[in-house]
Amino acid sequence: MTTTSSDSAATAVSVRGLRRVFPVRGRPDVVALDGIDLDVAPGEFVSLIGPSGCGKSTLMRLVADLDDPTTGTIAVFGKTPRRARLDHDFGVAFQQSALLPWRTVSRNIALPLELAKVDSGEVKRRIGELLDMVGLSQFGDHYPDQLSGGMQQRVAIARSLAERPKLLLMDEPFGALDEMTRERMQTELARIAGESGAAVILVTHSIPEAAFLSDRVVVMSPRPGRIVDVVDVGLGDQKERTEDLREASGFFEAVKRIREALHGVEGAAPKAAEQR
Amino acid sequence: MIARALRLALPPLLLGILSLGLWEIAVKALHIKPFVLPAPSTIWAQFVKHFDNIVKGAVGTGRNALIGVLVGAALAILLAIFASLVRVVADMSAPIVAAASVVPIVALAPVLYTMFGADKQTGRWLVAAVSVYVPVYLNTLKGLRRAQPIHRDLFRANAASGWQVTRHLTLPGALPYVATGIKIGTALAVINALIAEYFGGPVGGLGKSITSSAASSNYPLAWAYVLGAVLLGMFAYLIGAAIERLASPRGAG
């Protein structure tokens, strides 16, 4: 855990001594997360990987202020997660696209802007930019149920970027997509992340996905959820992550290192990370 | 398309015509007295003869039902929103409203006539409004609670206020349920507005006309008004169904 800076405002996310315990009636409490320390630098792409039940989604939810830690602290751009949430400092994307079925693609993308009471002229301009960015310019007036799963997820990503957040929190955004679509979406996300300059925390259970996209991969173990290793992938700038990278030796090397780190975990968890 | 519509509509239509024919023949052949059962042709003759009065009656009763629907549904939607925002209100009110749904509200009509005056329509509006209120309130409340957790997370992460969540998430999501409530309520409002007339109040409506025709032994005319009531009920049902269809989720209609 690279605790490089003590000045938390200089980091996008700073997590210290985080612990989250879920009480279960009639049974011992579940320790979802324990002793988590993590720093994410501005513009850095960090993946959280680990078997089911390792608390990676819980960690993301805590950063997003969708849940409260039992003990420990989280700073998002030097603020409490609650303050950061109220200041619209981050965007979120989930495994399901979570689009509102009664809104068109454009109006789904506009939702965060409307909630932040951005004036309508600016909203309109921004919708155009975002549709371009995710390659859906022709589909602004379509409804979500008229789009494929991959297109819906692209809308969700465009929506998460609507307010130009400096931090993007993504919980298995491609988990429900087929392998081909998934790879294409990863390439697009690399490009989008590079263009927007946002820091990204990506929850995933796919080793190649983590290797392809991340600057660093945080490997976690279950029950209690702990960080067991942090793999520096360092395959270069986000903008250079194109399809060619998938066949580069550096990519295979990164996959191997993440897999080995995960194998250390597997003793504790019989379920392999790549299942599901 | 047309062939399919024909295939759907033809059998019940034939059955209807066949039944009317049998009815007509039975009354004629068995010499059934008109006060027991008039022939369809006799009823139809009365219907045509008194068409203006029947339409007037239907408009009068329909207006009472409509006022009931507007007042009852508006109140039900507002209070359901309030109840969904303040959980304790929902917990307190839902069982009471559910219990109210089995109370034959029209039984209150005689009491209401004394309360508001026998020459006023107020009692009928109230009966219709209460009968609409119950299904709209319960359905709206159910719809408002249908919002998915993932959508709630999305709104929370985007710092949406309680009102924004209601306005942009729970209310649009509840719309199909509200419409179903209104559809059920509309049918109930017509029935209750009509029955309420049986217990007194001003003349002119269909219900009152049915009772007074029957009281003066003009049974074919009473039946003609009943036919008017049937048509009014069907009209109300079609309006309700149209509202429900308009509000149905995309692609489901």
Side-chain angles (χ1 to χ4, degrees), chain A residues 57 60-68 76 81-105 107-118 142-147 155-156 159-163 165 167-173 176, chain B residues 73 76-78 80-81 84-85 87 91 136 139-183 240-253:
Chain A
S57 289
M60 194 217 86
R61 291 177 60 81
L62 287 166
V63 174
D65 192 37
L66 296 173
D67 190 13
D68 296 311
V76 180
R82 181 179 148 76
R83 189 68 254 160
R85 174 171 68 80
L86 295 177
D87 289 349
H88 300 260
D89 281 343
F90 54 81
V92 291
F94 303 103
Q95 177 167 7
Q96 293 121 26
S97 58
L99 301 177
L100 302 175
W102 55 83
R103 283 181 171 237
T104 61
V105 165
R107 297 210 51 234
N108 263 293
I109 294 177
L111 182 72
L113 301 169
E114 284 179 27
L115 294 177
K117 302 194 174 74
V118 175
H142 285 57
Y143 283 87
D145 62 5
Q146 295 172 303
L147 305 183
V155 177
R159 178 179 62 191
S160 70
L161 290 163
E163 296 182 89
L167 174 63
L168 212 50
L169 303 172
M170 311 183 97
D171 190 357
E172 299 188 31
Chain B
I77 293 167
L78 286 177
I81 291 172
S84 77
L85 291 176
R87 177 138 201 128
D91 290 346
V136 175
N139 273 285
T140 305
L141 201 57
K142 190 164 116 192
L144 288 170
R145 287 181 171 165
R146 296 287 291 196
Q148 294 171 32
I150 195 164
H151 283 145
R152 291 199 178 277
D153 281 351
L154 174 76
F155 275 71
R156 183 177 157 84
N158 283 291
S161 65
W163 169 244
Q164 282 178 325
V165 172
T166 304
R167 165 78 185 72
H168 294 292
L169 175 62
T170 46
L171 216 47
L175 214 55
Y177 293 85
V178 178
T180 300
I182 290 176
K183 187 182 91 168
I243 290 172
E244 190 179 43
R245 203 187 164 101
L246 272 177
S248 71
R250 280 187 37 74

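Just so we're clear, the structure is a prediction, and the values are computed from it rather than from any experiment. First the proteins, then the strands, lettered A, B, ... as listed; each starts at 1.
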For A:His88 versus B:Ala159, what's the shortest heavy-atom pair and its separation? NE2-CB, 3.8 Å
Looking only at heavy atoms, which two atoms of A:Glu114 and B:Gln164 are closest? And how far apart? O-NE2, 4.1 Å
Heavy-atom nearest pair, B:Leu154 first then A:Ala98, reads CD2-O, 3.9 Å
Residue among A:Val92, A:Leu169, A:Leu86, A:Leu100 with most heavy-atom pairs under 4.5 Å to chain B: A:Leu100
B:Arg156 side-chain N/O to A:Ala64 backbone N/O, donor-acceptor pair under 3.5 Å: no
For B:Asp153 against A:Leu66, the heavy-atom pair lying closest together: O-CD2, 3.6 Å
Listed once per pair and sorted, the salt bridge (Lys or Arg N to Asp or Glu O under 4.0 Å) pairs that draw on residues 158-183 of chain B, sequence neighbours left out: B:Lys183-B:Glu244
From the list A:Arg82, A:Arg159, A:Arg103, the residue making the most non-hydrogen contacts under 4.5 Å with chain B is A:Arg159
Against chain A, label B:Leu175 side chain, backbone, both or neither, depending on which of its atoms sit under 4.5 Å from a heavy atom there. neither
Rounded to the nearest 0.5 Å, what separation is found between the OG atom of A:Ser97 and the CD1 atom of B:Ile150? 8.0 Å
